[in-house]
Amino acid sequence: MKLIYEGKVKAVYDAGGGKAVIVFRDDITAGDGAKRETMKGKGAINAEISARLMEVLEEEGIETHFIEYRRPDRMVVRKVEIIPLEVIVRNVAAGSLVRRYPFREGQRLDPPVVEFGYKSDEYHDPMLNDDIALALGLCTREELEHMRATALRINDVLKGFFSERGIILVDFKVEFGRADDGRVILADEISPDTCRFWDAETGDVMDKDRFRRDMGDVMGFYRALRERVLAG
Ligand code: TMP
Ligand code: ASP
């Protein structure tokens, strides 16, 4: 298969017929790739979690690029043109939000906070507003509105899904792409690399913050998260 895109932890191949295959590698990075490690089995866990969550969203009527999970570390998807925006939804203050503004970590955000970032390692994914996204020609106003509304629907579905499993969905990042018919659909991945998950009982961190903040046992918690995502 022809390589279309090589990211820091995933590679995307053209599978023909309007399809692509995403291969999740065992790499884990933080700080725009400044910190990196390899963890055996991590790619497979993220692929399986991402595939299941995309399925859940499809069942709720949210259009995604997902076609099928290919064991152990691949997803077959519709080929899309990725819009270089990171759409972040936050239910609880954490991460860069508490570094940039006077929120305290753990503070509930109701209604949820939506942020757009410009996807660029060179510029360190700066937050941008609607006008900047439009002036950069990244998307249309209608597409922006659609992404914001869809991200909030995704939040509603996933918040409920995780709450039933005793997990707080603190925040997450999603990306969208244009399909060949011009429709803007959910793309990329949804995994412990791109979300924050806290155990509702113990407060345990079950996501990539374990790596970013050197909390240890990254794989143990990723495995536990997979069990709970696949349960029920
Ligand atoms: P932040 O608190 O660092 O801004 O991150 C918010 C959420 O977005 C968190 O769940 C991690 C996720 N995220 C990514 O998936 N990729 C990124 O490049 C960044 C900056 C955040
Ligand atoms: N900056 C991103 C993160 O820490 C990803 C990366 O730097 O590799 O989530």
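Start at 1 and go down the list; that is how both ligands and their atoms are numbered.
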Checklist outcome for this item: One finds that the ligand 1 atoms under 4.0 Å from a non-hydrogen atom of D125 are 18 (O)
Next on the checklist: With a 4.0 Å cut-off on heavy atoms, is D193 in contact with ligand 1?
Outcome noted: yes
Item to check | Element-labelled atoms of ligand 1 that are located less than 4.0 Å from some non-hydrogen atom of D171 | outcome: 6 (C), 7 (C), 9 (C), 10 (O)
Checklist outcome for this item: With heavy atoms and a 4.0 Å threshold, my read on which part of C195 contacts ligand 1 is backbone
Checklist outcome for this item: One finds that the ligand 1 atoms under 4.0 Å from a non-hydrogen atom of S96 are 1 (P), 2 (O), 3 (O), 4 (O)
Item to check | Lys/Arg-Asp/Glu bridge criterion (N-O < 4.0 Å) met for K173, D188 | outcome: yes
Item to check | Within 45° cone and under 6.0 Å: R223 NZ/CZ vs F221 ring | outcome: no
Checklist entry - Between E86 and ligand 1, which residue portion shows a heavy-atom distance shorter than 4.0 Å: side chain, backbone, both, or neither? => result side chain
Item to check | Lys/Arg-Asp/Glu bridge criterion (N-O < 4.0 Å) met for K19, D14 | outcome: no
Item to check | Atoms of ligand 1, numbered as shown, that sit under 4.0 Å from any heavy atom of G95 | outcome: 2 (O)
Checklist entry - Taking the minimum heavy-atom distance to atom 16 (N) of ligand 1, which of R100, K173, R196 ranks first? => result K173
Next on the checklist: Tell me whether R212 reaches ligand 1 (any heavy atom closer than 4.0 angstrom to a ligand atom).
Outcome noted: yes
Checklist entry - Does R90 come within less than 4.0 Å of ligand 1, judged by its heavy atoms? => result yes
Checklist entry - So, the side chain of K79 versus the backbone of D180: is there a donor-acceptor pair under 3.5 Å, distance only? => result no
Checklist entry - Restricting to pairs with a member in residues 67-77, which pass side-chain hydrogen bond (donor to acceptor under 3.5 Å, both in side chains), not counting sequence neighbours? => result E68-R70
Next on the checklist: Could you check whether K2 makes a cation-pi contact with Y13, meaning its NZ or CZ is under 6.0 Å from the centre of the six-membered ring and within 45° of the ring axis?
Outcome noted: no
Quick one: side chains of residues 87-100, donor-acceptor pairs under 3.5 Å with protein atoms, not counting sequence neighbours, listed by atom name and distance.
from, atom 1, to, atom 2, distance (Å)
R90, NE, E115, OE2, 2.7
R90, NH1, A94, O, 3.4
R90, NH2, S96, OG, 3.2
R90, NH2, E115, OE2, 3.1
N91, OD1, N155, ND2, 2.9
N91, ND2, N155, OD1, 2.8
N91, ND2, L169, O, 3.0
S96, OG, R100, NE, 3.4
S96, OG, R100, NH2, 2.9
R100, NE, S96, O, 3.3
R100, NH1, E115, OE1, 3.1
R100, NH2, E115, OE1, 2.8
R100, NH2, E115, OE2, 3.3

